[in-house]
Asks: 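After the structure tokens below, expect a handful of questions from me.
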Amino acid sequence: MRILVLNPNTTASMTDAVARAARGYASPGTEIVGLTAGYGVDGIDSAFESLLSAVAVMDRVTTYPDPFDAVVMAGFGEHGREGLMELLDVPVVDMAEASAHVAMLLGRSFTVVTTLARSIAAIEDRLSTAGLLDRCSGVRATGMSTMDVERDPDGAVRAVVEQARLAVEQDRAEVVCLGCGGMAGLEDAIRDALGVPVVDGVGAAVRLAESLVGLGLSTSKVCTYARPDPKPTVGWPLSAHLPGGAR
């Protein structure tokens, strides 16, 4: 089984870290291929940057030359997932929804600890759209940008532990979800500090992707995620990979 783990920003070192974490969770025989967005920004911390990355995400996956069995979106609820679900015949798993689904199996309520406060609304919207917000006790921000987390993992652990502790003590959270792909690999330190289950979204998404492939299931194409109608696309790099060329 081959799973593409896609970093929606342009930082190759973050892709390496995410792919390394994904391999640590993957089953024997699963090949993890880390992909970096070909254009966009080095760290996604706003709606504009997320939307900018969405086309790069679709471009990167649809031009990947070899067969693959599933795609994991290693950005916490970033844009582009729905487009890939239309274009591909394999499962596409978003780490935000994956981590929330897993967290709900482990406790009555979960919290998401993310980067900047401006990301809170976007995460709440993603969880609400997916029908997962009712079990979320809150989304807390560390005040660190995506690139801050990349540059200072020790500081990220301290910041996440501080916010997660407040969530457990004040919000009655029973499970902590790491709300940034760049936080992959921090879960053990945070779990040891707090004594609560900590869900790394990359690991959750990889395992759920493996399960969907193993069950022989993929995205329904009867309506919402049907292939786009073939239309001329002017000046768009995906032109050759839309219906007729998309996997």
Side-chain angles (χ1 to χ4, degrees), residues 1-40 44 50 53-99 101-102 181 184-185 200-233 236-247:
M1 183 188 307
R2 176 181 290 153
I3 298 177
L4 306 185
V5 177
L6 182 65
N7 173 19
N9 68 46
T10 60
T11 302
S13 59
M14 192 175 296
T15 303
D16 293 341
V18 167
R20 186 165 55 250
R23 292 185 185 105
Y25 282 103
S27 301
T30 295
E31 178 187 1
I32 298 295
V33 178
L35 298 180
T36 307
Y39 45 90
I44 300 172
S50 180
S53 78
V55 176
V57 162
M58 292 184 285
D59 186 23
R60 188 68 182 89
V61 173
T62 57
T63 56
Y64 181 76
D66 300 318
F68 53 90
D69 300 289
V71 174
V72 164
M73 297 280 291
F76 207 83
E78 304 299 348
H79 294 90
R81 193 278 304 266
E82 291 83 356
L84 282 178
M85 291 177 74
E86 293 179 352
L87 293 170
L88 302 178
D89 293 325
V90 301
V92 180
V93 183
D94 163 58
M95 61 175 285
E97 293 185 17
S99 63
H101 280 297
V102 170
D200 167 31
V202 173
V206 166
R207 283 293 193 169
L208 287 178
E210 288 182 332
S211 297
L212 292 172
V213 174
L215 290 167
L217 297 173
S218 191
T219 307
S220 172
K221 297 293 184 179
V222 298
C223 186
T224 305
Y225 299 114
R227 295 274 185 104
D229 293 334
K231 299 173 185 173
T233 56
W236 194 29
L238 279 170
S239 300
H241 304 281
L242 287 171
R247 295 176 194 272

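Residue numbers start at 1 and run along the sequence shown.
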Asks: Sorted by first residue and then second, give each salt bridge (charged side-chain N to carboxylate O under 4.0 Å, His left out) pair with at least one member in residues 16-30; sequence neighbours left out.
Replies: none

Asks: Which atoms form the tightest heavy-atom contact between V72 and A209, and what is the distance?
Replies: CG2-CB, 4.2 Å

Asks: Over all heavy atoms of both residues, which pair between T36 and A12 is shortest? Give the atoms and the distance, please.
Replies: OG1-CA, 4.1 Å

Asks: Check side-chain hydrogen bond (donor to acceptor under 3.5 Å, both in side chains) between S50 and all other residues, then give those that pass, not counting sequence neighbours.
Replies: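 Here the qualifying residues are E78, H79.
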
Asks: Hey, could you give me the CG/OH distance between L6 and Y64, rounded to the nearest 0.5 Å?
Replies: 12.0 Å

Asks: State, to 0.1 Å, how close G201 and S99 come at their nearest heavy-atom pair, and which atoms those are.
Replies: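 G201 and S99 have their closest heavy atoms at CA-CB, 3.8 Å.
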
Asks: Kindly write out the residues that satisfy side-chain contact (heavy atoms from CB on, under 4.5 Å) with A204, not counting sequence neighbours, or none if the list is empty.
Replies: A98, V102, V199

Asks: By side-chain hydrogen bond (donor to acceptor under 3.5 Å, both in side chains), which residues pair with Y225, not counting sequence neighbours?
Replies: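 With sequence neighbours excluded, Y225 shows a side-chain hydrogen bond (donor to acceptor under 3.5 Å, both in side chains) to no residue whatsoever.
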
Asks: Hey, could you give me the CE/OG distance between M85 and S218, rounded to the nearest 0.5 Å?
Replies: 8.0 Å

Asks: For T10 and G40, indicate whether the former's side chain and the latter's backbone hold a donor-acceptor pair under 3.5 Å.
Replies: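 Not at all, since once roles are kept as given, no pair shorter than 3.5 Å links the two residues.
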
Asks: Indicate yes or no: at least one non-hydrogen side-chain atom of P91 is less than 4.5 angstrom from one of L217.
Replies: no

Asks: Considering non-hydrogen atoms only, spot the tightest contact between A19 and I32 and give its length.
Replies: O-CG2, 4.1 Å

Asks: To the nearest 0.5 Å, what is the distance between CG on L84 and CZ on R60?
Replies: 12.5 Å

Asks: Which residue pairs pass the salt bridge (charged side-chain N to carboxylate O under 4.0 Å, His left out) test with at least one member in residues 25-40, sequence neighbours excluded?
Replies: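 Those involving residues 25-40 are R2-E31.
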
Asks: Sorted by first residue and then second, give each salt bridge (charged side-chain N to carboxylate O under 4.0 Å, His left out) pair with at least one member in residues 205-216; sequence neighbours left out.
Replies: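 Every salt bridge (charged side-chain N to carboxylate O under 4.0 Å, His left out) pair that includes a residue of residues 205-216, provided the two are not neighbours, is R207-E210.
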
Asks: Are F68 and V90 packed together at the side-chain level, in the sense that at least one heavy-atom pair is separated by less than 4.5 angstrom?
Replies: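 They are in side-chain contact.
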
Asks: Enter the distance from M95:CE to R81:CZ here, rounded to the nearest 0.5 Å.
Replies: 13.0 Å

Asks: If the test is side-chain contact (heavy atoms from CB on, under 4.5 Å), which one of V5, V57, L4 qualifies with M73?
Replies: V57

Asks: What's the shortest heavy-atom distance between A56 and G38, and which atoms?
Replies: CB-N, 4.5 Å

Asks: With sequence neighbours left out, what residues match N7 under side-chain hydrogen bond (donor to acceptor under 3.5 Å, both in side chains)?
Replies: N9, T15

Asks: On a heavy-atom basis, which atom in G77 and which in A96 lie closest, and how many Å separate them?
Replies: N-CB, 3.5 Å

Asks: For E82 and T224, what are the C-alpha separation, side-chain angles and deciding distance, and is it a side-chain contact (heavy atoms from CB on, under 4.5 Å)?
Replies: CA-CA 9 Å; E82 291 83 356; T224 305; over 6 Å; no

Asks: Excluding sequence neighbours, so at least two apart, what forms side-chain hydrogen bond (donor to acceptor under 3.5 Å, both in side chains) with T219?
Replies: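 Result, side-chain hydrogen bond (donor to acceptor under 3.5 Å, both in side chains) vs T219: none returned.
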
